[in-house]
K.L.:
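Sending over a structure as structure tokens; questions will come in a sec.
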Amino acid sequence: MAIRKIQPADNHPLGTVIQQVLKEFGIDRPGTAYYDAQLFSLYELFQAPGSAYWVAEIDGQIAGGGGIFPTSGLDKDCVELVKFHLLPIARGKGIGKELLLQCFAAAKEMGYRSMYLETMPELTTAVPMYERNGFRHLNTPLGDTGHFACTIWMQKPLH
């Protein structure tokens, strides 16, 4: 298993992985990342200042990824955890936690003081992982994510 920064050649495989995971959980519908305009150009998206994205590989194959992005409408010291998806082969092996720790470290290094995320109840293993790693539930969404189908909003202070 390896975690590395996103590269241009990752665009199509990552978009496919994200759509595959959302379809697996029956949440491949409008208002989710499934329909994001930039889903197949993530390398270019994550060249924006204050953002970063990592890819998880198993035996040289992309098995998922996750990143941080300074989403419009969030406080300047808050970054969003985004496009955080793992294929079944990568789950239950600590890869999600490693990706999450990478995102926390980068966010702190970039000067962010909190991290926000949006998710859905169908992602039954992701929500408890976020809770175990310090995210707390919010009553309303933050920022302008465009993901109106998400019904779980969480935030974590970065110390």
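Predicted model, so just to flag it, every value in this text is computed and none were measured.
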K.L.:
Please determine whether the number of non-hydrogen atoms from other residues, nucleotides or ligands lying under 6.0 Å from atom NZ of Lys108 exceeds 12.
P.N.:
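Yes.
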K.L.:
Whether Asp10 and Arg4 form a salt bridge (side-chain N of Lys/Arg under 4.0 Å from carboxylate O of Asp/Glu) is what I want to check.
P.N.:
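Yes, charged N to carboxylate O under 4.0 Å.
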K.L.:
Look at atom NZ of Lys23 and say whether more than 12 heavy atoms of other residues, nucleotides or ligands are closer to it than 6.0 Å.
P.N.:
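Counting neighbours around NZ of Lys23, 12 or fewer heavy atoms of other residues, nucleotides or ligands fall under 6.0 Å, so no.
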K.L.:
I need the Gln20 CD to Leu87 CG distance, nearest 0.5 Å.
P.N.:
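Nearest 0.5 Å value for the CD-CG distance: 5.0 Å.
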K.L.:
Using a cut-off of 6.0 Å, state whether more than 12 heavy atoms not belonging to Glu24 lie near its atom CD.
P.N.:
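Enclosed: over 12 neighbouring heavy atoms sit under 6.0 Å from CD of Glu24.
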K.L.:
Check whether any side-chain heavy atom of Thr32 sits under 4.5 Å from a side-chain heavy atom of Phe148, and report yes or no.
P.N.:
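A side-chain contact is absent here, since even the closest heavy-atom pair is not under 4.5 Å.
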K.L.:
To the nearest 0.5 angstrom, please state how far the OG1 atom of Thr71 sits from the NE2 atom of His147.
P.N.:
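Answer for the OG1-NE2 pair, Thr71 versus His147, is 9.0 Å.
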K.L.:
Students often mix this up, so state it plainly: with edges at 30° and 60°, are the rings of Phe69 and Phe46 parallel, tilted or perpendicular?
P.N.:
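It falls in the perpendicular class, over 60°.
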K.L.:
Given the rule that I, L, V, M, F, W and Y join up when any side-chain heavy atoms are under 4.5 Å apart, are Ile68 and Leu74 in one cluster?
P.N.:
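No, Ile68 does not connect to Leu74 through the hydrophobic network.
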K.L.:
Do other residues, nucleotides or ligands put more than 12 heavy atoms under 6.0 Å from the CZ atom of Arg29?
P.N.:
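Yes, enclosed.
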K.L.:
Looking at Leu101, I want to see if its CG is surrounded by more than 12 non-hydrogen atoms of other residues, nucleotides or ligands under 6.0 Å.
P.N.:
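Yes, CG of Leu101 has more than 12 neighbouring heavy atoms, counting only those of other groups under 6.0 Å.
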K.L.:
Going by atom types alone, do His137 and Glu131 pair a side-chain donor with an acceptor below 3.5 Å?
P.N.:
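Distance-only check passes for His137 and Glu131.
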K.L.:
Give the intermediate values and the outcome of side chain to side chain contact (heavy atoms under 4.5 Å, CB included) for residues Leu99 and Leu86.
P.N.:
CA-CA 10 Å; Leu99 274 171; Leu86 295 174; 3.8 Å; yes
